[in-house]
Amino acid sequence: TQSTRPQRILDAVQKNATRGDPRSVVKAIDHFCRNKEWAMNVGDEKGCILDSVVSEVNPATVLELGTYCGYSTVRIASLLPPHAKLITLEFNPDFAAIARQVIAWAGLEDKVQLVEGASGDWIPKMKEQFGVKTFDLVFLDHWKNSYLPDTKLMEECSLLRKGSVLLADNVICPGAPDYLEFVRSSPRYKSQYFKSHLEYTKVEDGLEKSVFLG
Ligand SMILES: Cc1cc(-c2n[nH]c(CCNC(=O)c3cc(-c4ccc(F)cc4)cc(O)c3O)n2)ccn1
Ligand SMILES: [Mg+2]
């Protein structure tokens, strides 16, 4: 039976990365996606920007929207302090099944809770289901037209506090124009654009970091 691209990414991890070594998992996926098959991981260039924001925020609670194969999940979780928690939402069950195995190979399953379903359904249930008060960091990397409605939903559900950081991938390619306009014009956010490139390509893309001012 034909394998899927996520399955081939998992195979590359299991062949080339060391169990329990998150950096080797990240390296194996980047090598596969740069040399064999492109895939929609945040990638190494934007990944370094992600790493610097995670290290600066040093979050106790993280929400990731859009897990895919778990590449950014592994990057983020490997930088978290000992008792910090990362909740990651994935809509596609096939992606989720692969991501669980990638996260396990990196040895980070204790820091990560992968939840399957749509962001719009799960965001209102975060507090009751996972005992979350607010998120210190949110990494938006899911459906690009969901960035804005889901940000408004997180505000309504009081999941953001003064100083919460939103970091959004793909604000140029594929693009999230309504989201960009909102966070850049709203008095309740302080936004900053980190220019970069679409993963594994020369196409412009970037990350938008927005601090919620409360
Ligand atoms: C909880 C929940 C989760 C989701 C959800 N889970 N997983 C995703 C994936 C979303 N990601 C992308 O579509 C994406 C696309 C490109 C791309 C593609 C093709 C091109 F030509 C150029 C660029 C590049 C990227 O970096 C991307 O991140 N959504 C959806 C809803 N609710
Ligand atoms: Mg992305």
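Order of appearance sets the numbers: ligands from 1, and atoms from 1 within every ligand.
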So if I apply the side chain to side chain contact (heavy atoms under 4.5 Å, CB included) rule between Gln192 and each of Lys209, Glu208, Arg184, which one comes out positive?
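One option only clears the test, and that one is Lys209.
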
Using side chain to side chain contact (heavy atoms under 4.5 Å, CB included) as the criterion, point out the one residue from Val115, Thr134, Ile87 that pairs with Met126.
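Output: one option passes, namely Ile87.
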
By number and element, which atoms of ligand 1 are closer than 4.0 Å to a non-hydrogen atom of [X]?
{"X": "Glu90", "answer": "6 (N), 7 (N)"}
{"X": "Gly117", "answer": "1 (C), 2 (C)"}
{"X": "Glu199", "answer": "24 (C), 25 (C), 26 (O)"}
{"X": "Trp38", "answer": "17 (C), 18 (C)"}

Report yes or no: does Asn92 have a heavy atom closer than 4.0 Å to ligand 1?
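False for this residue.
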
Please confirm whether Leu65 approaches ligand 1 to less than 4.0 Å, judged on its heavy atoms.
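The answer is no, since Leu65 has no heavy atom less than 4.0 Å from ligand 1.
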
Output, in order, the C-alpha distance, side-chain angles, deciding distance and verdict of side-chain hydrogen bond (donor to acceptor under 3.5 Å, both in side chains) for Asp150 and Ser119.
CA-CA 7 Å; Asp150 286 348; Ser119 48; 2.6 Å; yes

Closest protein heavy atom to [atom], given as residue, atom name and distance to 0.1 Å:
{"atom": "atom 15 (C) of ligand 1", "result": "Met40 SD, 3.7 Å"}
{"atom": "atom 28 (O) of ligand 1", "result": "Asp141 OD1, 2.8 Å"}
{"atom": "atom 8 (C) of ligand 1", "result": "His142 CA, 4.1 Å"}
{"atom": "atom 3 (C) of ligand 1", "result": "Phe91 N, 3.6 Å"}

If you measure from each non-hydrogen atom of [X] to ligand 1, which part falls under 4.0 Å: side chain, backbone, both or neither?
{"X": "Leu89", "result": "both"}
{"X": "Tyr71", "result": "neither"}
{"X": "Leu198", "result": "side chain"}
{"X": "Asp169", "result": "side chain"}

Just wondering, are more than 12 heavy atoms of other shown residues or ligands nearer than 6.0 Å to NZ in Lys127?
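Counting other residues, nucleotides and ligands, NZ of Lys127 exceeds 12 neighbours.
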
Please work out which of Asn145, Asn170, Ile123 has its closest non-hydrogen atom nearest to atom 27 (C) of ligand 1.
Asn170

Of Gly66, Gly175, Pro174, which has the heavy atom at the shortest distance from atom 16 (C) of ligand 1?
Pro174

Just to confirm, does any protein heavy atom lie below 4.0 Å from atom 21 (F) of ligand 1?
no

Going by the side chain to side chain donor-acceptor pair (under 3.5 Å) test, name the single residue among Lys111, Glu64, Glu90, Arg100 that passes it with Thr73.
Glu64

According to the interplanar angle, ranging from 0 to 90°, do the rings of Tyr68 and Phe95 count as parallel (below 30°), tilted (30 to 60°) or perpendicular (above 60°)?
perpendicular

Using distance alone, determine whether [X] and ligand 1 share an N or O pair under 3.5 Å.
{"X": "Ser119", "value": "yes"}
{"X": "Asn41", "value": "no"}
{"X": "Lys46", "value": "no"}

Distance to the ring centre below 6.0 angstrom and angle to the axis at most 45 degrees; does that hold for Lys85 and Phe135?
no

Are Trp38 and Phe32 an aromatic pair by the rule of ring centers under 6.0 Å?
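Between Trp38 and Phe32, the centre distance exceeds or equals 6.0 Å.
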
Report the atom name of the nearest N/O/S atom of Asp169 relative to the Mg ion (ligand 2).
OD2

Given atoms OD1 of Asp141 and OD1 of Asn170, what angle do they subtend at the Mg ion (ligand 2), to the nearest 10 degrees?
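An angle of 90° at the metal.
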
Would you call Asp205 and Lys202 a salt bridge, taking side-chain N to carboxylate O under 4.0 Å as the test?
no

Below 4.0 angstrom, N of the basic side chain to O of the carboxylate: do Asp136 and Arg161 qualify?
yes

Between atom CZ of Phe91 and atom CH2 of Trp143, what is the distance when rounded to the nearest 0.5 Å?
4.0 Å

Any chance you could lay out the salt bridge (charged side-chain N to carboxylate O under 4.0 Å, His left out) test for Asp44 and Arg34, step after step, and finish with the verdict?
CA-CA 10 Å; Asp44 40 0; Arg34 192 171 281 287; 3.0 Å; yes

Between Ser164 and Val211, is there a side-chain heavy-atom distance shorter than 4.5 Å?
no

